[in-house]
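One structure is given below, encoded as C-alpha cells.
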There are 2 protein chains.
Amino acid sequence: MKSYPEKLSRLQRKFLKKLFPDSESGFSDGELLSCGVDASRKHAKPLALVKPHCAEQVSELLSWAQKERMPVYPRARATNKVGGCVPVKNGIVVSMLGMNSILEINSSDFVTVVQPGVITADLQRSVEKQGLFYPPDPASFKISTIGGNISTCAGGMRAVKYGVTRDYVLGLEAVIPGGEIIHTGGRTHKNVVGLDLTRLFVGSAGSLGLITKATLKLLPLPDTSASVLIGFENLAGCLKGAEAVFGCGILPTAMELMDKNTLKALEMHSEVPWPVDTGGVLLLKIDGSHESVAADLKQIEKALSQVSTTFLEKGSGDDQERLWELRRVISPAAFNLAPNKQGEDVAVPRGKVAQAIESYHEIGDKLDVVVLCFGHLGDGNIHVSVMYDKSVPGQSENALKAKKAIFSSTLALGGTLSGEHGIGLTKADYIGMQIGNAELNLMHGIKNVFDPLNIMNPGKVV
Amino acid sequence: MKSYPEKLSRLQRKFLKKLFPDSESGFSDGELLSCGVDASRKHAKPLALVKPHCAEQVSELLSWAQKERMPVYPRARATNKVGGCVPVKNGIVVSMLGMNSILEINSSDFVTVVQPGVITADLQRSVEKQGLFYPPDPASFKISTIGGNISTCAGGMRAVKYGVTRDYVLGLEAVIPGGEIIHTGGRTHKNVVGLDLTRLFVGSAGSLGLITKATLKLLPLPDTSASVLIGFENLAGCLKGAEAVFGCGILPTAMELMDKNTLKALEMHSEVPWPVDTGGVLLLKIDGSHESVAADLKQIEKALSQVSTTFLEKGSGDDQERLWELRRVISPAAFNLAPNKQGEDVAVPRGKVAQAIESYHEIGDKLDVVVLCFGHLGDGNIHVSVMYDKSVPGQSENALKAKKAIFSSTLALGGTLSGEHGIGLTKADYIGMQIGNAELNLMHGIKNVFDPLNIMNPGKVV
C-alpha cells in the first residue's frame, strides 16, 4: 500500500487552497501546532488545517485524500482526553467548527437536526426554550461539540437515568473515504432496517468517516429538578446509601460519588459543607414534575434515614448549583494534592465500585502516588486521577505503573478501560488487556470496509 | 464460490447426528416442516434441525458449516413477523430453545446474564422478584426469547420512556462462521472501547453469527404504575391529547393510539367503555413511586382537561389490566372487519402520525380494503393492518398495492419501513425504497467480514 506523505507537494497544497480558500485553510506553524494537540496534551504537527463549511466540500476532500492516501483527522473543540484528535501520521486536520448550525428543532417530532460543530450546551439551551430536552451532558458540554460527542459516545452525569449519546442519535449524514456522502438511520424514534450503521459510527472516534449532520432524539423537558448532597463515614457507607436510593424504585438523573481523597482536595480548595468525620460523599439529582420531584425527594430522605450518614443537604432550582459547583471544581482542586495528574475513566459493574476504589487506593499507597476517585457511581464509571510530582525521581514511572495496575484491577472486576473517553493514543498500548484478537480483527475488518487505505484518523486503535 | 447444498450427504448427516445426539437433532418431515415457518406464515423446509445446549457445540457446528458452505438459520420461538426465521436456502435450522438458562441476576451490578432461549416474560418475572426491571416488552414478550429480541432489536409499548432492546444489551457472547467464539462489550453500563460490535449484533437478524449468551442492563423496579384511557372525537384530537401530556414534562411509560377502524373492530369484539362519538383513543401508562405516579396522574388529567375529549377512565394496580386488555385483543378483533390480514409496522416522526394515518386510510378507501392503525404513538411506530378478503377477486392484489402505497407515504413523511419487525423476507423487495446503494454496500461489506461465505441466515437483506 502507498505510504502516507511526509509533506505536502506543491500540487497538494494548491488543491487544498482551492477547495478551502482564504481562512478556510491554514499552513502556518502557529496554526498547525495549535490544531495538533487535544486535552490529552499529546501533540503532533499536521501538514495542513482545513475548515469545511459544507458536506460537498468534505466529499471532495475525502475523494482527493483517498487518491493521495492522505491521513484525515477530524477535530472540533479537541476536548478529547486520550489523544483521539492528535494527527500522529501527519495528514490534514479537518476542523468541523465552521459547520455549526442548528438546522431544525421540531417540537412535534421531538427531533433536532444539527451540524457537527454545534456546541452541546448551545443545543441544550436552544431546545429547552421550546420545552424540549437533550440529556447527554459530558463534563465538557459547555465547550464540546455534538460531532465530538457522537464520535466518542459521550456520557455524562445524567446517563444514569437518560443514557449516553448513542441513545439519542437517530440518523447521520457522513462522508466516507472516496467522498461518498452516506445517510444512516433516519428521523424516527424506532427504526430497524438492515445493519445499524448509525450506532456503528457512534463512538468510532473518526475512524470510519466524517460526520456532517446528525438527527437527534429529544425528550420533553422535565419541569424541575432537585439535588441532595449526602456525607457518609466511608466508601462502604456511600454504596449502602446508593443501594437505599435505588431500592426506592427511583432512577436518579445523576448519582455522583466523591472518595476521601477527593474530599481532601476539595477541603483544600473551597468552603465545604460536610463535617470532619465524612469519608465519602454522594451527590444525587432527581427530575420530573414539581409534584413528583417533591414526592421522590421525601422518599429518598426516608430511605437514607435508614443508613448511617454524617450530613445531608438539599437544594432545588438554581439553589442546587452550589452543590454541583463542588463536583465541578474537583479537577482543579485535585492539583492541591500534587502538581501532576494522570486521569483515567474506567468503569466497573455498579456493585463493584467500592471494591474497585479500594484497590485503586491500595495501588496508590503502594506506589506513593495519591489516587483520587470520583464520578458516576450510578453507572459504575469512575474517574481515577493519579496525582504525582514529576520533579520527584521515580514518581512519573510510578504513575505509569499505577495506570497499568488500575487497568488490571478494573478488568479483574469485570470492568472496562474506558467508560466515556475511549482508547485514543493514551490507552492504545493496553487495549489487548481487554479486547481479544478475534474481536480486534473484526473491528479492523469493519474499518477496512469504510476506509480501505486507513486514512481516517490513522494511528489509533481502529 | 461453492454453492449451497441441495441435500445432506451421508457424511454431513452423520456429522450432525454425532454433534447433536438423540433428540438434539431432527430430520423427519414433521420436524423439518414445523421449524421452517415463522409468524409471517412464510415457510421453507430445511435439511436438518439441531438444538445445541452449549456454545462449544455451536462453535463446532459453525466451523463445519463454514467448510461445507451450509446455510445456518438461528431460531427460537419464531414470532418474527417478516419471515426472518424462514430457511429459504435449505440449510440447518438451529433452535436455541435448549439454551434457556438465566445464568445470573445481580442486584448490585444491575445486570443479568442469560442464554438466548430464555423467554422474555420469564426473565422479567425473575428479575422483578429481586426488585429489578427489564423494560423491553414486545407484544410477543410472553412467548418470545431474549435471543430473538436482541436479533430483531425488539421494541414494545414501554419504549417511549425506556427505549428498545438495544439500550439494554451490554455484552454478548456469539459464535461467528468458522466457529470462533467472540465476546463483545462487557458487564458495565458504560463502555467505549473500539467499534461497537455489541450494537452491531443487535437487530442484525442472525446475519452475523449466533448469539449464545447476553449480558443485559437492569433498572430498579418502579413501585407502581397507573393507566389512563382517553377518548377523542377524531385522530387530530388524539394528537392534541398526546401533545398536552408531553407538554407536562412527563415521559409516559407507554402511549398507545387506536384509530377509528380499530375502535370499530373492538366494538364488534368486546364490551367497550367509550361513547359512540369517539373517533380515536389514547391509552397511557405512567410509572414511578406511589407518590410521583399520583402527582403525575393529577397533572395529566389537568392537561387533558384543556383539550376536547369524549371520556376518560383511569386504572391503577391490577385494575389497569382491563384497560390494557382492549389493546391486547386488537389483533384478534381485527378479523371482525375482514378475514385476511397484511400487517406492517412502519414508523414516522412523532409529529407526522396523524398525517400518516390519514394517508393510510385514504389508501384503504381507494383500494377498497380496511386499513386499521394502532400502536406506539409515543414513538411514532404504527402497526398498520390491511384487512381484506382474499376470496373476493382483486382483494389480494389490492392489499399488496396498499402495502407499497403505505411504504411510499411513510417514506415521504420521513419514516421507515420498520420500527420493530425488521425487513426479513416480506419487505425485502422494498428495501431499495429506503436504503441507498452506498449504504447497502457498506452493510454487505460488514456482513462479509463476519460471514464471508454468506452462511448465516442467507436469503435475507444482509
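Since this is a predicted model, take the numbers as computed values, not measurements. Every chain is numbered from 1 and lettered A, B, ... according to where its sequence line falls, protein lines coming before strand lines. Side chains are part of it too, since the values below use all heavy atoms of this structure and drop only hydrogens, waters and symmetry mates.
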### Query
Quick check: are there more than 12 heavy atoms from other residues, nucleotides or ligands sitting under 6.0 Å from NZ of Lys161(A)?
yes
### Query
Should the heavy atoms of other residues, nucleotides or ligands under 6.0 Å from NZ of Lys447(B) be counted, would the total exceed 12?
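Check passes, neighbour count above 12.
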Flag the one option from [options] with the top tally of heavy-atom pairs under 4.5 Å to chain B.
| options | answer |
| --- | --- |
| Gly186(A), Gly131(A), Gly194(A) | Gly194(A) |
| Gly415(A), Gly436(A), Gly422(A) | Gly422(A) |
| His421(A), Glu420(A), Arg187(A), Glu439(A) | Glu439(A) |
| Val202(A), Leu239(A), Asn191(A) | Asn191(A) |

Under 4.5 Å, counting heavy-atom pairs only, tell me which of [options] racks up the most with chain A.
| options | result |
| --- | --- |
| Ser418(B), Pro222(B), Gly445(B), Gly155(B) | Ser418(B) |
| Asn381(B), Thr224(B), Val449(B) | Val449(B) |
| Glu243(B), Lys352(B), Glu180(B) | Lys352(B) |
| Ile176(B), Val160(B), Val348(B), Ile181(B) | Val348(B) |
| Ile423(B), Asp223(B), Val193(B), Val462(B) | Val193(B) |
| Gly378(B), Gly351(B), Ala295(B) | Gly351(B) |

### Message
The test is salt bridge (charged side-chain N to carboxylate O under 4.0 Å, His left out); show your working for Asp196(A) and Arg166(B) and say whether it passes.
### Response
CA-CA 10 Å; Asp196(A) 192 346; Arg166(B) 180 196 304 120; 3.3 Å; yes
Starting at [atom1] of [X], measure out to [atom2] of [Y] and round the result to the nearest 0.5 Å.
| X | Y | atom1 | atom2 | value |
| --- | --- | --- | --- | --- |
| Leu200(A) | Arg199(B) | CG | CZ | 12.0 Å |
| Ile382(B) | Thr188(A) | CD1 | OG1 | 11.5 Å |
| His376(A) | His189(B) | NE2 | NE2 | 14.5 Å |
| Lys298(A) | Ser292(B) | NZ | OG | 12.0 Å |
| Leu297(B) | Glu291(A) | CG | CD | 11.5 Å |
| Cys248(B) | Leu221(A) | SG | CG | 12.5 Å |

Side chain / backbone / both / neither for [X] at chain B, heavy atoms under 4.5 Å:
| X | answer |
| --- | --- |
| Asn106(A) | side chain |
| Leu197(A) | side chain |
| Phe246(A) | both |
| Gln299(A) | side chain |
| Ile446(A) | both |
| Ser107(A) | neither |

### Query
Does the side chain of Ser207(A) come within less than 4.5 Å of Leu195(B)'s, by heavy atoms?
yes
### Query
Can you find a pair of side-chain heavy atoms, one from Pro220(B) and one from Leu251(A), that are under 4.5 Å apart?
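Contact flag for Pro220(B)/Leu251(A) side chains = yes.
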### Query
Are any of the side-chain nitrogens in Lys190(B) or Asp379(A) under 4.0 Å away from the carboxylate oxygens of its partner?
yes
Identify which part of [X] has an atom lying under 4.5 Å from any heavy atom of chain A, answering side chain, backbone, both or neither.
| X | result |
| --- | --- |
| Ile182(B) | both |
| His183(B) | both |
| Leu442(B) | both |

### Summary
Tightest non-hydrogen contact, residues Gly419(B) and Val192(A), listed as O-CG2, 3.3 Å
